[in-house]
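Positions are given from 1, in the same order as the sequence printed here. Below, all heavy atoms of this structure are taken into account, side chains as well, without hydrogens, waters or symmetry copies. Just follow the structure's listing: the first ligand is 1, and inside any ligand the first atom is 1.
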Amino acid sequence: MSTKYAFFEGRIVPIEEAKVSIMTHAFNYGTGCFEGIRAYWNESEEQLYVLKLKEHYERFLHSCKIILISLPYTVDEFCNITLELLRREGFRQDTYIRPLAYKAETGVGVRLHDLKDEFAMFATPFGKYIDREEGANVGVSSWRRINDNAVPARAKITGAYINSALIKTDAVMNGYDEAIVLTQEGHVSEGSAENLFIVRDGKLITSPVTEDILEGITRSSLIELAETELGVETIERSIDRTELYVADEAFFCGTGVQIAAITQIDHRAVGTGEIGPIVRKLRDLYFSIARGERPDYAHWVEPVYERVPSS
Ligand SMILES: Cc1ncc(COP(=O)(O)O)c(C=O)c1O
């Protein structure tokens, strides 16, 4: 199954009709922002569950605010549009949803003010993001993460993803699955498009939101899960590069990557060189919640299709 529809200029249209001009401001200058949301198919319930839908639109509105995009929808309205689009598509498999806000004016002139804003969205079937989710081979990038005072990292700005693209391609061309990127000051920031955790002495450690990371929804979900379900504390503090080499476990997390264990960093084995116990437990928990298998976490997921009453 592939994408048949889009939400474009205020309504759902066939995907072929969702087109913009080459003169569009966002196409020329990267003046847009976006979200990446996942929906998980539950085969036994024949239900599609969208994970943390509301939280994604709350962050979306923060990104819009930072780059002066104003849209005529509330968080609840965005959620409803998303569910409506998914129902029209009728996907019965894991799906990725891409809302986009952008400067839609046609013409030349770099700025953010006095430009028309638009909103568009499409959804597409989507599986794994990294092939080796059980043990990624990762290098520290020679590129640096964008800095908040140059290109805001906490906003998901389309143009800013050239940074992620440079990092990812460099890593793959150098034979790695992914990269870890440092801040301008040399602390660990995150992956090319995912947040990072390490485990030391039974505690999770992750870079704070002041280290030019995207404030990840998976990241905060895992901090909560680790605490409440595993009794594992998370420390948010700066991480040095060489702490990566002596960590017991390390993993990436994000909507795209989901949870991917890192078993090699800069040619050094992480811990035993196998997927570790904390990441394995967190991954199992995360997937069971995402697929709607945990009634106590029903508030994390939004069912797309009407429930068939059980007879
Ligand atoms: C740069 C970057 N960091 C982190 C993340 C993870 O964020 P989330 O868990 O909200 O998907 C993403 C992906 O969306 C990202 O693009």
Check the side chains of [Y] and [X] for a donor-acceptor pair under 3.5 angstrom, ignoring hydrogens and angles.
X      : Y      : result
Ser238 : Glu211 : yes
Ser44  : Asn42  : yes
Glu178 : Ser192 : yes
His267 : Tyr176 : yes

Which atoms of ligand 1 are found less than 4.0 Å from any heavy atom of [X]?
X      : value
Gly254 : 6 (C), 9 (O), 11 (O)
Tyr161 : 1 (C), 2 (C), 15 (C), 16 (O)
Ile217 : 8 (P), 9 (O), 10 (O)
Gly216 : 7 (O), 8 (P), 9 (O), 10 (O)
Ala193 : 1 (C), 2 (C), 3 (N), 4 (C), 5 (C), 12 (C), 13 (C), 15 (C), 16 (O)

Sub-4.0 Å heavy-atom approach of Arg59 to ligand 1: yes
Can you tell me if Arg154 has a non-hydrogen atom under 4.0 Å from ligand 1? no
Measuring from Asp94:CG to Gln258:CD, what's the distance to the nearest 0.5 Å? 7.0 Å
Filtering Glu190, Lys52, Glu35, Arg38 for the heavy atom nearest atom 3 (N) of ligand 1 leaves Glu190
Say whether [X], considering both its backbone and side-chain N or O atoms, lies within less than 3.5 Å of an N or O atom on ligand 1.
X      : answer
Ser164 : no
Thr255 : yes
Ser192 : no
Arg145 : no
Glu215 : no

